[in-house]
Protein chains: 2
Amino acid sequence: MKKKLSIRDIAEQLKVSKTTVSFVLNGKAAENGVSKAMERRVLAYIEKVGYRPNRMAQGLRTGRSKTIGMMVEDISDAFFSSIARKFEEILSVKGYRIIYGSTENNTAVAKDLIQVFRNHQVDGYIIAPPPGIEEDIRELIADELPVIVFDRTLPNLEVDSVLVDNHQGAYRATRHLLDNGYKHITLVTLTSEQIQMRERERGYLDCLAEAGKRAKILRIKYHEQREKAVSDIEKNIPADTDAVLFATNYLAENGLEAIAMRRWNIPDQVAIAVFDDCNWFKLFKPSITAVAQPLEAICTEVVDLLLQKLEHAGHKAPRSLHLPTHLVIRDSSQQRSQ
Amino acid sequence: MKKKLSIRDIAEQLKVSKTTVSFVLNGKAAENGVSKAMERRVLAYIEKVGYRPNRMAQGLRTGRSKTIGMMVEDISDAFFSSIARKFEEILSVKGYRIIYGSTENNTAVAKDLIQVFRNHQVDGYIIAPPPGIEEDIRELIADELPVIVFDRTLPNLEVDSVLVDNHQGAYRATRHLLDNGYKHITLVTLTSEQIQMRERERGYLDCLAEAGKRAKILRIKYHEQREKAVSDIEKNIPADTDAVLFATNYLAENGLEAIAMRRWNIPDQVAIAVFDDCNWFKLFKPSITAVAQPLEAICTEVVDLLLQKLEHAGHKAPRSLHLPTHLVIRDSSQQRSQ
DNA sequence: CTGAAAGCGCTAACAT
DNA sequence: ATGTTAGCGCTTTCAG
């Protein structure tokens with residue numbers, strides 16, 4: 001049984017002081033005048049016995065945990081889990097680990113999670129915020145803790161953020177449906193007031209308004225029983241609908257089922273477009289048109305902003321990035337006759 | 001700016017000692033004879049000022065971080081991210097958070113991750129092990145650290161594990177295809193030696209052997225370029241194949257594309273069944289037959305085993321659970337003529 | 001019933 | 001160039 005080593009053991013074995021070991025460990029050998037030879041000796045020994053400093057002790061001492069708290073709506077969602085993976089990739093090379101929490105868009109859960117992250121002394125916060133936590137986020141910022149929000153933001157909240165251009169994405173998808181000859185485009189969205197949803201709605205509305213068409217919006221409650229969502233859509237989708245834009249992947253999942261129940265043929269009777277792409281969409285028959293979010297870019301931008309704050313703390317004016325989406329046109333939105 | 005409070009501040013404000021506060025905090029008021037009144041007073045004050053103990057200090061002192069390390073193949077995979085979500089749900093009510101790491105089945109990455117988790121002093125390990133880390137896991141166990149492996153295990157490794165009955169799942173899927181009149185069933189699997197893959201293969205082989213049919217196995221390398229995997233399958237799938245069992249979701253994703261390129265009609269020219277279900281499968285046309293894993297059960301069992309170890313340490317004989325899979329029969333595996 | 005004090009492993013100012 | 005030491009915030013033993 002490998003006994004747990006401490007820096008003191010290392011120092012004793014090596015007949016040097018803890019300080020020296022500590023300096024070497026933290027790459028501060030040179031600046032503190034530890035000889036190159038000594039540095040190599042320490043490094044070699046550490047390597048040999050597989051010593052790694054105790055993060056708890058380090059953390060207690062330095063106030064930094066090398067841990068990032070990531071709060072999303074649902075880690076099992078394809079969008080957020082892809083994001084989680086990329087954050088992990090980028091942050092792990094910088095020595096950070098991630099602890100995550102799913103809010104289900106619940107304010108109380110989110111508030112609690114922020115406290116939990118605080119207890120864990122996370123060094124930074126990556127947050128896809130549910131409604132109602134503006135104040136909590138402001139407190140983090142007031143305490144100089146690095147916070148980046150992404151995917152959506154909150155009204156009147158000044159914070160670094162990385163968003164996609166939801167308006168543009170929905171606008172283009174709608175435009176595309178119109179261009180392909182569809183006339184009665186229904187938006188299926190959530191009842192939620194979240195900004196990204198509002199923006200998607202606005203994109204859709206603006207496009208239809210320009211085209212002089214009437215908008216039809218079907219609002220579904222978040223996370224009821226799956227079956228309820230399906231029947232809700234099935235029952236309430238306007239009968240003259242000839243195209244549907246689903247505002248989220250989750251809605252598409254239920255909505256496609258509803259459309260199958262109605263036996264509407266895609267794309268001849270009804271066209272489909274979905275906000276948020278998914279690997280499986282290209283395999284559907286017909287394949288499904290989607291607004292793809294730039295996952296890679298979102299993640300690198302978030303981490304960039306975060307690392308900047310982590311490395312040189314200090315209040316800069318919050319920056320807000322808007323990344324473009326990309327419309328992936330597939331078969332579900334183009335009539336065969338065309 | 002809310003100043004960070006320490007237990008000492010609380011004690012001073014309240015004019016009691018840190019000890020008393022600590023006892024109350026840890027629910028040890030009664031057993032240490034702190035008066036009910038005092039307990040209430042402390043609790044009320046803590047609540048009021050929003051004090052939460054510093055985990056780093058607690059951790060340093062107690063050696064416990066209230067953090068679990070979860071190592072999976074890829075957190076962005078639908079299976080693992082669903083699992084991650086459920087672990088989170090169950091563990092968070094017990095006060096644990098999860099840090100995760102994706103191995104991509106890479107031995108070196110996994111070894112490193114175990115070290116990282118150790119530094120972070122995680123209290124327990126939940127591991128979907130890649131090959132070659134038996135020794136590392138044995139070390140954890142030797143050091144009395146709670147380890148549970150799931151999804152797969154490693155040869156000659158004695159450790160608590162929660163697996164599904166891969167053999168049975170593949171056997172039944174194969175049986176089902178035979179029963180539906182398909183005669184040339186090809187298994188598309190990974191080149192990987194992993195036990196769960198081997199078991200699936202055995203299930204398939206045993207079933208065909210019983211039926212006196214010839215087996216055809218197509219092995220694909222893990223995580224090449226997606227396009228390579230697709231063309232690999234397209235080129236090498238036996239021409240007389242009339243049914244395909246994909247050993248994983250990932251293979252199905254590429255294999256379905258390959259089949260589309262070949263313009264084989266499902267289910268008339270070729271039937272499809274996939275190991276591992278996915279929400280989208282019921283929406284495919286035709287909907288796709290799949291072997292569903294009991295996610296919920298896997299998670300509760302893993303956490304159960306883990307919490308037992310966490311709560312009363314000590315060496316018990318390792319337990320190994322095998323959970324049944326469930327064949328979800330859909331349209332991709334039944335000829336219309338039937 | 002309550003308080004004083006040791007010490008977990010580490011970092012970094014200060015001493016030598 | 002290297003060593004000594006205080007103390008981060010907490011838990012827990014032991015004394016009062």
Side-chain angles (χ1 to χ4, degrees), chain A residues 2-43 45-46 49-67 95 118-123, chain B residues 2-43 45-46 49-67 95 118-123:
Chain A
K2 202 160 73 181
K3 234 357 300 91
K4 206 86 238 276
L5 295 155
S6 82
I7 194 170
R8 182 221 195 95
D9 300 318
I10 305 291
E12 276 172 11
Q13 304 298 317
L14 248 28
K15 310 254 180 252
V16 300
S17 84
K18 292 194 304 172
T19 315
T20 307
V21 179
S22 175
F23 282 150
V24 172
L25 233 44
N26 294 292
K28 295 184 180 168
E31 77 192 60
N32 287 87
V34 173
S35 68
K36 271 273 168 243
M38 174 62 88
E39 182 175 6
R40 264 193 303 275
R41 195 157 78 93
V42 173
L43 250 18
Y45 187 71
I46 281 171
V49 298
Y51 164 77
R52 303 270 211 123
N54 177 327
R55 273 241 177 286
M56 289 286 160
Q58 264 181 328
L60 179 58
R61 185 60 237 235
T62 61
R64 265 159 315 95
S65 61
K66 284 293 192 174
T67 304
R118 280 194 91 132
N119 302 151
H120 276 265
Q121 322 286 125
V122 302
D123 296 340
Chain B
K2 201 161 71 183
K3 220 34 267 97
K4 206 87 235 276
L5 296 154
S6 81
I7 195 171
R8 182 221 196 96
D9 300 317
I10 305 292
E12 276 172 10
Q13 303 297 316
L14 249 27
K15 311 259 181 245
V16 301
S17 84
K18 293 193 304 172
T19 315
T20 308
V21 179
S22 175
F23 283 151
V24 171
L25 234 45
N26 294 293
K28 295 185 180 167
E31 77 192 59
N32 288 88
V34 173
S35 69
K36 272 276 170 236
M38 174 62 89
E39 182 174 9
R40 266 194 301 275
R41 197 158 78 92
V42 173
L43 250 18
Y45 186 72
I46 280 169
V49 299
Y51 166 75
R52 302 269 211 123
N54 178 328
R55 273 241 178 287
M56 289 285 159
Q58 266 182 325
L60 179 58
R61 185 59 235 241
T62 61
R64 264 159 318 96
S65 61
K66 284 294 193 173
T67 304
R118 280 194 92 131
N119 302 151
H120 276 265
Q121 322 285 128
V122 303
D123 296 341

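Below, read A as the first sequence line, B as the second, and so on, with proteins coming before strands; counting in each chain starts at 1. Everything numeric here is computed off the predicted structure, so don't read it as measured data.
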Between [options], which one does the side chain of [X] approach most closely?
X     : options               : value
B:R61 : D:dC8, D:dT2, D:dT11  : D:dT11
A:V16 : D:dG3, D:dT11, C:dT11 : D:dG3
B:L60 : C:dT11, D:dG9, D:dT11 : D:dG9
B:S35 : D:dT11, D:dT2, C:dT2  : C:dT2

5'-most by nearest nucleotide on DNA chain C - B:A57 or B:N32: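 The residue mapped nearer the 5' terminus is B:N32.
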Mind checking [X] for me? I need base, sugar-phosphate or nothing, with any heavy atom below 4.0 Å counting as a touch.
X     : answer
B:S22 : base
B:M38 : sugar-phosphate
B:K36 : nothing
A:K28 : sugar-phosphate

Short side-chain N/O contact from [X] to OP1 or OP2 of [N], under 4.0 Å:
X     : N      : answer
A:T20 : D:dG3  : yes
A:N26 : C:dT11 : yes
B:S17 : C:dG3  : yes
B:Y51 : D:dC10 : yes

Nearest-Å distance, [atom1] ([X]) to [atom2] ([N])?
X      : N      : atom1 : atom2 : value
B:E31  : D:dT13 : CD    : P     : 10 Å
A:K66  : C:dT11 : NZ    : P     : 12 Å
A:Q58  : C:dA12 : CD    : P     : 10 Å
B:R8   : D:dC10 : CZ    : P     : 11 Å
B:Q121 : D:dC10 : CD    : C1'   : 15 Å
A:E39  : D:dT2  : CD    : P     : 11 Å
A:F23  : D:dT5  : CZ    : P     : 16 Å
A:R52  : C:dC10 : CZ    : C1'   : 16 Å

Check: C:dA4 base within 3.5 Å donor-acceptor of B:T19 side chain: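 Side chain to base: pair found, below 3.5 Å.
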Which atom of A:R55 lies closest to which atom of B:M56, heavy atoms considered: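 Nearest heavy atoms, A:R55 then B:M56: O-SD, 4.0 Å.
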Minimum heavy-atom distance B:M38-B:T20, with the two atoms named: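 Nearest pair, atom of B:M38 first, then B:T20: CG-CG2, 3.8 Å.
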Between CG on residue A:D9 and NZ on residue A:K18, distance to nearest 0.5 Å: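 Rounded to the nearest 0.5 Å, the CG-NZ separation comes to 11.0 Å.
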From CD (B:Q58) to CG (A:L60), nearest 0.5 Å: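 It comes to 11.0 Å.
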B:Y45 side chain near B:V21 side chain, heavy-atom distance below 4.5 Å: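 No; the side chains remain at least 4.5 Å from each other.
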Pairwise side-chain contact, A:Q121 with A:T67, heavy-atom cut-off 4.5 Å (strictly under):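 With C-beta onward as the side chain, the pair stays apart.
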